[in-house]
Amino acid sequence: MSPNQTPLLTLDDWLAWQLRVHPREIELGLERVREVWMRLGSPRPGRTVITVGGTNGKGSTVAFLEAMLADAGLRVGAFTSPHLLRYNERVRIAGVYADDAPLIAAFARIESVRREIALTYFEFGTLAAILLFSEQDLDVALLEVGLGGRLDAVNLIDADAMIVTTVDLDHQDWLGNDRESIAREKAGIFRADRPAIIGEAQPPASLSSEARRIGARMVAAGMDYRYARRETDWTWQSGSERLVLPLPTLAASCQFANAAAAIAALHALRDRIGWTPASIAHGVVDARVRARLQRFSGPPELVVDVAHNPQAAAVLAEWLGANPPSGRTIAVFGALADKDVQRIVAPLLGLVSAWRLASLAGVSPRGLDREELMRRVSAAGDPAVAGIHDSVESALDAALATAQPGDRVLAFGSFLVASTALSVAMRLPAFATQES
């Protein structure tokens with residue numbers, strides 16, 4: 001039955017219904033979503049559009065762009081995914097999450113025109129964000145790619161500048177089994193004669209070759225722009241333009257590369273949207289994004305991170321090694337079935353004192369159950385497994401209950417793990433007002 005026959009549906013009702021409309025959770029391809037977009041009138045989300053793709057760093061790069069542009073006085077919309085606590089997080093307009101009512105209205109409008117076309121949950125959300133942005137007279141719309149690039153729903157919009165942050169192994173079932181194949185998919189967001197920012201200093205060769213084949217104006221880290229970290233600040237330079245910037249508030253070392261790529265995109269678009277070094281500096285400090293080494297002081301200290309692939313796990317391990325607690329690190333870890341668990345866990349084995357493994361089978365059809373999670377984690381070496389749990393919440397409760405003064409609890413491995421950890425942290429008195 002169509003939801004239009006039940007006009008008083010809540011946002012949760014709409015979202016649950018969307019999961020049933022399409023028989024598959026993920027179906028890459030632009031034909032269906034483009035046809036529905038055209039039936040909607042081919043709305044343009046903003047006067048200037050920046051699309052951000054890549055394996056890791058997309059959400060942080062969008063946060064840097066959003067903060068820099070907002071400080072410059074521009075009206076900005078940002079579409080990101082997945083959400084952590086509420087679906088509304090996916091659509092921000094002038095820094096404010098979209099309310100339920102406009103999202104429901106957008107979904108109803110999409111439903112009124114899609115007719116025979118089946119859309120996925122993500123495609124509904126992408127079209128809804130574009131619709132809402134198109135009604136808001138935005139100076140800049142920031143669109144984060146969901147998966148890959150070439151065939152992702154976000155790519156139906158011809159952006160004015162595109163960023164690929166990093167390329168590494170993830171989602172191999174859809175994108176390919178090596179970095180070169182994955183890079184070709186991510187390069188699909190590039191457009192002829194428009195800036196294509198490559199945020200990785202040593203990307204796969206296919207990323208640059210695809211940019212050249214498409215005819216994009218390549219702006220590559222280490223070649224067309226450079227950045228260098230110093231003890232109390234850092235520098236960004238392109239040609240004669242040089243900025244001395246404060247250190248990012250976002251903690252991981254990769255945030256310098258993310259911020260630098262964001263700056264490179266703004267520099268490439270300076271004739272369209274202006275160039276405001278003071279706002280760039282403010283944005284570097286102001287940018288925030290949940291569950292990226294997000295720390296709650298406790299006690300015990302709780303660190304929540306969305307690291308869910310080998311590249312992100314290596315960055316997490318680097319930070320843990322540079323910032324050890326006075327006591328133990330107790331990890332709460334869960335993963336989806338398509339993840340390379342062995343390579344995610346391996347760099348953290350010497351940094352984690354005790355592992356609390358959490359099944360995600362009850363919250364996602366792709367979630368690993370207890371037995372398979374244990375098998376894959378054990379394949380990484382000899383982890384000190386303190387318990388295997390049926391849920392993230394029970395694993396986190398056990399970790400917090402057994403933590404001693406000076407210990408740190410680390411929750412990571414999936415957005416689903418991070419989401420539960422944030423929910424728990426925000427309702428416990430020890431953490432409620434101590435988010436950092």
Side-chain angles (χ1 to χ4, degrees), residues 11-12 14-16 18-19 25 52 54-64 66-67 77-93 95-100 103 121-122 124-126 128-129 142-147 154 165 170 249-252 254-255 258 287-296 302-309 312-313 315-316 331-336 339 344 358 360 362-364 366-367 391-393 395-397 399-400 409-428 431-436:
L11 179 59
D12 285 343
W14 271 98
L15 298 175
Q18 287 169 20
L19 289 171
E25 181 182 3
V52 181
T55 302
N56 293 302
K58 297 186 294 293
S60 298
T61 302
V62 168
F64 281 121
E66 189 176 14
F79 171 61
T80 60
S81 65
H83 61 279
L84 285 161
L85 299 176
R86 296 172 60 226
Y87 184 88
N88 312 63
E89 297 166 23
R90 295 180 178 227
V91 182
R92 296 189 298 276
I93 298 170
V96 178
Y97 297 145
D99 288 333
D100 288 7
L103 284 168
Y121 179 94
F122 181 77
F124 263 103
T126 302
L142 307 173
L143 306 179
E144 179 187 339
V145 171
L147 193 157
V154 164
T165 54
D170 200 8
T249 300
L250 293 172
C254 63
Q255 299 299 355
N258 294 333
R288 300 286 194 284
V289 59
R290 283 175 172 159
R292 275 65 168 184
L293 286 174
Q294 186 172 352
R295 302 170 70 183
F296 298 84
L302 172 64
V303 177
V304 183
D305 195 80
V306 296
H308 60 283
N309 55 49
V315 171
L316 174 59
V332 173
F333 176 77
L336 298 179
K339 300 301 178 180
I344 293 171
L360 299 183
V363 291
S364 170
R366 294 161 55 210
S391 69
V392 175
E393 188 162 1
L396 188 58
D397 286 345
L400 294 172
V409 175
L410 166 68
F412 82 106
S414 167
F415 276 82
L416 296 170
V417 174
S419 173
T420 301
L422 290 180
S423 297
V424 169
M426 289 177 180
R427 70 169 180 260
L428 291 178
F431 297 129
T433 61
Q434 299 186 43
E435 180 180 350
S436 63

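Not measured: the values here are computed from a predicted model.
When every heavy atom of Gly413 is checked against every heavy atom of Phe333, the shortest pair comes out as CA-CE1, 3.6 Å. Across Thr165 and Gly54, no two heavy atoms sit closer than the pair OG1-CA, 3.4 Å. Heavy atoms only, all atoms of each residue included: Leu336 and Ser414 are closest at CG-OG, 4.4 Å. For Ala129 against Val91, the heavy-atom pair with the smallest separation is CB-CG2, 3.9 Å. Counting all heavy atoms, side chain and backbone alike, Leu85 lies closest to Ser423 at CD2-OG, 3.3 Å. In plain terms, the two heavy atoms of Ala411 and Ala421 that are nearest each other are CB-CB, 3.7 Å.
With Arg292 contributing its side chain and Arg290 its backbone, the two residues share a donor-acceptor pair below 3.5 Å. The closest donor-acceptor contact from the side chain of Gln294 to the backbone of Ala291 lies under 3.5 Å. Of the possible donor and acceptor atoms, none in the side chain of Asn258 sits under 3.5 Å from a partner among the backbone N and O of Thr61. Using a distance-only test at 3.5 Å, with no hydrogens or angles considered, a donor-acceptor pair links the side chain of Glu89 to the main chain of Arg86. Side chain of Thr420 to backbone of Glu393: no donor-acceptor contact under 3.5 angstrom is found.
Results of the side-chain contact (heavy atoms from CB on, under 4.5 Å) test with Val332 over Leu400, Leu396, Val424 single out Leu396 as the only residue that passes. Paired with Thr80 under the rule side-chain contact (heavy atoms from CB on, under 4.5 Å), one option of Arg92, Lys58, Glu66 passes, and it is Arg92.
Every residue meeting the ring pair (Phe, Tyr, Trp, His ring centres under 6.0 Å) condition with Phe415, not counting sequence neighbours, appears here in chain and number order: His308. Under the salt bridge (Lys or Arg N to Asp or Glu O under 4.0 Å) criterion, Glu144 pairs with no residue at all, not counting sequence neighbours.
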Using side chain to side chain contact (heavy atoms under 4.5 Å, CB included), reason through Val52 and Val154 one step at a time and then give a plain yes or no.
CA-CA 10 Å; Val52 181; Val154 164; over 6 Å; no

Dump the intermediate steps for side chain to side chain contact (heavy atoms under 4.5 Å, CB included) on Asn88 and Leu11, then the final yes or no.
CA-CA 9 Å; Asn88 312 63; Leu11 179 59; 3.8 Å; yes

Side chain to side chain contact (heavy atoms under 4.5 Å, CB included) assessment of Leu422 paired with Phe296:
CA-CA 10 Å; Leu422 290 180; Phe296 298 84; 3.8 Å; yes

Would Cys254 and Asn56 count as a side chain to side chain contact (heavy atoms under 4.5 Å, CB included) here? Give the steps.
CA-CA 9 Å; Cys254 63; Asn56 293 302; over 6 Å; no

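Taking the six-membered ring where the residue is Trp, Phe79 and Phe122 present tilted rings, their angle falling between 30° and 60°.
Under the 4.5 Å side-chain criterion, counting only non-hydrogen atoms from C-beta, Asp100 is not in contact with Asp12. In this structure, Leu143 and Thr126 have side chains that are not in contact, with every pair of non-hydrogen atoms separated by 4.5 Å or more.
Taking CD of Gln18 as the start and OH of Tyr87 as the end, the distance is 5.5 Å to the nearest 0.5 Å. Taken from CG in Leu293 to CZ in Phe412, the straight-line distance is 11.5 Å, to the nearest 0.5 Å.
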